[in-house]
Amino acid sequence: MNSVIDTLTRHRSERSFLDTAISDEILDAIIASAYRAPTSVNSQQVSVIVTRDSARRRQIAGIAGGQPWIAQAPVFLTFVLDMHKSEQAIAMNGETQIAHQSIESLVSGCTDIGIALASAMTAARSAGLGVVPIGGIRRSPDEMIDLLALPSLTFPVVGLALGYVDEPAHQKPRLPMETFRHEETYQKEGMPALIARYNQEIQQHWATIGRTDGDSWSESVGGYYKHIYFPNVLPAVIKQGFGTEK
């Protein structure tokens, strides 16, 4: 197995960071890795906001629901869906952008952000840093938009805390590969049994690492997904000028 695959398969979300600064050289390389990631139709509809100021990182930690590792990590990156740039480019030709009115643009843009995020995570980990992606910035998107002074037709989709690791995290077990890899068509037969097996495995994992509050996967994901997880996203998306009905 080569070093890139080893880096990818050994991923864990770190939540304990040293206050050691990240050099400009390393940070520039991480951002360049995300910058060079592919985008749909070369739309380049991704922007990254770099936050190093400690007070602003504490604000983001609060916006995300109180996640102390955001304030602890020396750098926080916010990955922004950015159709402001394309709107400006199209206007230069005397035309009007309408793609942002469609749900397809949101799906496409978030896909591109996911690719850029993965590139940044891999680059950071290859440089000896730990990372944890943060979806919690969508908990109160209006606050993030104000904090980062985001213009219309932009939206903060996901963040990334990165820094040198203090106490390494444990790698959690995953659902059985059969629930992830499907040959030719989606294989739904036997899914409940596979999930039940994983429920037992992850509870054993919690016990092994000494966590007494660990739920099964069914209980954990149910705690999130039996509700609308971040109900403020839709009104903020619409307020930023995006549409969802086309």
Side-chain angles (χ1 to χ4, degrees), residues 2-5 7-9 11 13 22 24-52 60 64 75-127 129 131-139 141-142 144-145 147-162 180 229-230 233-234 236-246:
N2 66 45
S3 61
V4 175
I5 294 175
T7 297
L8 291 168
T9 56
H11 169 78
S13 291
I22 299 172
D24 288 342
E25 180 182 10
I26 290 176
L27 183 57
D28 289 349
I30 292 167
I31 293 172
S33 298
Y35 168 73
R36 294 302 309 183
T39 59
S40 176
V41 299
N42 196 31
S43 59
Q44 301 182 61
Q45 56 192 332
V46 181
S47 288
V48 176
I49 310 293
V50 181
T51 303
R52 285 183 275 199
I60 295 172
V75 174
F76 188 80
L77 305 180
T78 302
F79 289 77
V80 177
L81 168 57
D82 186 351
M83 296 190 74
H84 177 77
K85 289 183 286 192
S86 54
E87 180 195 41
Q88 297 294 301
I90 292 168
M92 290 169 62
N93 288 337
E95 298 177 322
T96 301
Q97 175 174 273
I98 65 169
H100 60 270
Q101 299 173 13
S102 71
I103 193 70
E104 158 61 18
S105 285
L106 291 174
V107 172
S108 175
C110 289
T111 299
D112 289 349
I113 282 175
I115 296 169
L117 172 67
S119 296
M121 289 171 59
T122 304
R125 294 190 62 239
S126 73
L129 299 174
V131 299
V132 55
I134 305 291
I137 63 169
R138 299 190 305 275
R139 175 178 172 270
D142 284 335
M144 283 296 295
I145 290 165
L147 179 66
L148 303 179
L150 297 180
S152 62
L153 298 183
T154 63
F155 190 80
V157 174
V158 66
L160 183 67
L162 62 161
F180 179 79
Y229 194 23
F230 291 138
V233 167
L234 179 58
V237 163
I238 293 171
K239 184 178 177 181
Q240 284 297 100
F242 293 96
T244 61
E245 296 181 359
K246 294 184 179 179

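Reckoned from all heavy atoms, side chains included, excluding hydrogens, waters and symmetry mates. Keep in mind that what you see is a predicted model, and the values were worked out from it rather than measured.
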Would you name the heavy atoms of [X] and [Y] that are closest together and state the gap between them?
X: A34; Y: F79; result: CB-CE2, 4.2 Å
X: G135; Y: F230; result: O-CE1, 3.4 Å
X: H100; Y: G241; result: CD2-O, 3.2 Å
X: T7; Y: S126; result: CG2-N, 4.4 Å
X: L117; Y: G159; result: CD1-O, 4.5 Å
X: I115; Y: P38; result: CG2-CD, 3.8 Å

Any side-chain heavy atom of [X] within less than 4.5 Å of one from [Y]?
X: T78; Y: I137; result: yes
X: R52; Y: I22; result: no
X: M121; Y: I30; result: no
X: I60; Y: T51; result: yes
X: P156; Y: L150; result: yes
X: I113; Y: V158; result: yes
X: L81; Y: V46; result: no
X: S86; Y: S43; result: no

Which residues satisfy the salt bridge (Lys or Arg N to Asp or Glu O under 4.0 Å) test with K85, sequence neighbours excluded?
->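 Testing K85 for salt bridge (Lys or Arg N to Asp or Glu O under 4.0 Å), a comparison that skips the adjacent residues, returns D82.
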Using 0.5 Å steps for rounding, measure from the [atom1] atom of [X] to the [atom2] atom of [Y].
X: F76; Y: L162; atom1: CZ; atom2: CG; result: 9.5 Å
X: Q88; Y: N93; atom1: CD; atom2: CG; result: 12.0 Å
X: F242; Y: I103; atom1: CZ; atom2: CD1; result: 11.0 Å
X: S47; Y: L148; atom1: OG; atom2: CG; result: 11.5 Å
X: E87; Y: M92; atom1: CD; atom2: CE; result: 13.0 Å
X: H84; Y: L153; atom1: NE2; atom2: CG; result: 8.0 Å

Within a reach of under 6.0 Å around CD1 of I98, are more than 12 heavy atoms found that belong to other residues, nucleotides or ligands?
->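 Atom CD1 in I98 is not packed in, count stays at 12 or less.
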Taking [X] for the side chain and [Y] for the main chain, is one N or O donor matched with an acceptor at less than 3.5 Å?
X: Q240; Y: T154; result: yes
X: T122; Y: A118; result: yes
X: R139; Y: A64; result: no
X: D142; Y: A236; result: no

When you look at L129 and I26, which way does the side-chain contact (heavy atoms from CB on, under 4.5 Å) test go after all the steps?
-> CA-CA 10 Å; L129 299 174; I26 290 176; 4.1 Å; yes
Which side-chain hydrogen bond (donor to acceptor under 3.5 Å, both in side chains) pairs, counting each pair once, include a residue from residues 25-39, with sequence neighbours left out?
->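 Residue pairs passing side-chain hydrogen bond (donor to acceptor under 3.5 Å, both in side chains), neighbours aside: none found.
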Under 3.5 Å, is there a donor-acceptor pair linking the side chains of S102 and E104?
->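 Judged by distance alone, the side chains do not pair up.
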Side chains of Q45 and S108: is there a donor and an acceptor less than 3.5 Å apart?
->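 Yes, S108 and Q45 have a side-chain donor paired with an acceptor closer than 3.5 Å.
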Report the C-alpha distance between L27 and V50 in whole Å, list the side-chain angles of each, state the deciding distance to 0.1 Å, and finish with yes or no for side-chain contact (heavy atoms from CB on, under 4.5 Å).
-> CA-CA 10 Å; L27 183 57; V50 181; 4.1 Å; yes
Can you list the steps and then say if V80 with F155 is a side-chain contact (heavy atoms from CB on, under 4.5 Å)?
-> CA-CA 5 Å; V80 177; F155 190 80; 5.8 Å; no
